[in-house]
Chemist: 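Just dropping this structure here.
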Amino acid sequence: MKMEIQIAICDDEDKICLQLKDILGSISDEKSVEFIIQIFQCGEDLCKSLKDKDYDLIFLDIELPKINGIEVGKYISCLLYTSPSPRDS
């Protein structure tokens with residue numbers, strides 16, 4: 001059985017998201033790992049998702065519309081230190 005790793009990609013450029021997804025897919029094929037990948041086009045959508053879901057790895061663009069990657073990173077940091085994980089439920 002393959003280990004599942006939850007991955008979020010947050011970038012407003014479709015080309016970057018697809019390239020990352022392809023790279024991760026080739027790594028997944030070589031290893032005993034299954035990457036469950038979710039793509040977000042803006043920081044707001046990623047932040048909403050984090051209320052209900054944990055990710056093992058997040059690829060986060062810095063230059064995003066509305067909420068930039070630095071603000072999203074700060075939000076993630078606050079969640080890590082103030083909220084129980086959805087996995088703990």
Side-chain angles (χ1 to χ4, degrees):
M1 185 166 111
K2 289 186 173 186
M3 179 192 339
E4 288 186 355
I5 297 178
Q6 301 289 327
I7 299 176
I9 299 172
C10 186
D11 198 306
D12 56 328
E13 293 187 40
D14 291 334
K15 182 179 178 182
I16 300 296
C17 293
L18 293 174
Q19 287 175 336
L20 268 171
K21 192 172 181 178
D22 287 345
I23 291 167
L24 291 168
S26 66
I27 293 169
S28 177
D29 292 341
E30 294 174 13
K31 307 292 180 185
S32 298
V33 178
E34 181 179 355
F35 295 133
I36 311 299
I37 300 171
Q38 191 162 1
I39 295 176
F40 300 92
Q41 299 294 314
C42 67
E44 288 176 330
D45 291 342
L46 174 59
C47 289
K48 288 177 190 173
S49 175
L50 289 167
K51 293 178 183 177
D52 300 319
K53 185 170 176 114
D54 276 344
Y55 296 97
D56 300 301
L57 178 63
I58 298 174
F59 290 93
L60 180 59
D61 186 16
I62 297 299
E63 294 181 16
L64 293 167
K66 297 180 185 174
I67 300 175
N68 68 39
I70 293 170
E71 292 300 316
V72 174
K74 289 178 183 177
Y75 177 79
I76 292 169
S77 180
C78 286
L79 278 181
L80 289 173
Y81 293 107
T82 60
S83 304
S85 166
R87 291 183 185 170
D88 295 338
S89 303

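Any value given below was found using the heavy atoms of this structure, including those in side chains, with hydrogens, waters and symmetry copies removed.
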Chemist: Take Q38 and K53, measure what side chain to side chain contact (heavy atoms under 4.5 Å, CB included) needs, and give me the verdict at the end.
Modeler: CA-CA 11 Å; Q38 191 162 1; K53 185 170 176 114; 3.9 Å; yes

Chemist: Can you tell me how far the CZ atom of F35 sits from the CD1 atom of I23, to the nearest 0.5 Å?
Modeler: 11.5 Å

Chemist: Indicate the atoms forming the closest heavy-atom contact of I7 with Y55, along with that distance.
Modeler: C-CD2, 3.8 Å

Chemist: In terms of hydrophobic clustering (I, L, V, M, F, W, Y; side-chain heavy atoms under 4.5 Å; direct or indirect links), are L18 and I9 co-clustered?
Modeler: no

Chemist: Drop me the distance from C47's SG to L79's CG, to the nearest 0.5 angstrom.
Modeler: 7.5 Å

Chemist: Taking the side chain as every heavy atom from C-beta outward, state whether I58 and L50 have any atom pair closer than 4.5 Å.
Modeler: yes

Chemist: Between F40 and S49, is any pair of side-chain heavy atoms under 4.5 Å apart?
Modeler: yes

Chemist: Side chains of residues 60-70: which donor-acceptor partners sit under 3.5 Å, not counting sequence neighbours?
Modeler:
residue : atom : partner : partner atom : Å
D61     : OD1  : E63     : N            : 3.4
N68     : OD1  : I70     : N            : 2.9
N68     : OD1  : E71     : N            : 2.9

Chemist: Nearest 0.5 Å, please: how far is CD in E4 from OG in S28?
Modeler: 10.0 Å

Chemist: Ignoring hydrogens, what is the shortest heavy-atom contact between V72 and G43? Give both atom names and the distance.
Modeler: CG2-CA, 3.6 Å

Chemist: Nearest 0.5 Å, what's the CD1-SG distance between I76 and C10?
Modeler: 8.5 Å

Chemist: What's the spacing between Q19 CD and L24 CG if we round to 0.5 Å?
Modeler: 12.0 Å

Chemist: Hydrophobic clusters here meaning ILVMFWY residues chained together by side-chain heavy-atom distances under 4.5 Å, can you tell me if I36 and M3 are in one?
Modeler: no

Chemist: Taking D11 for its side chain and C17 for its backbone only, find out whether a donor-acceptor pair lies under 3.5 Å.
Modeler: no

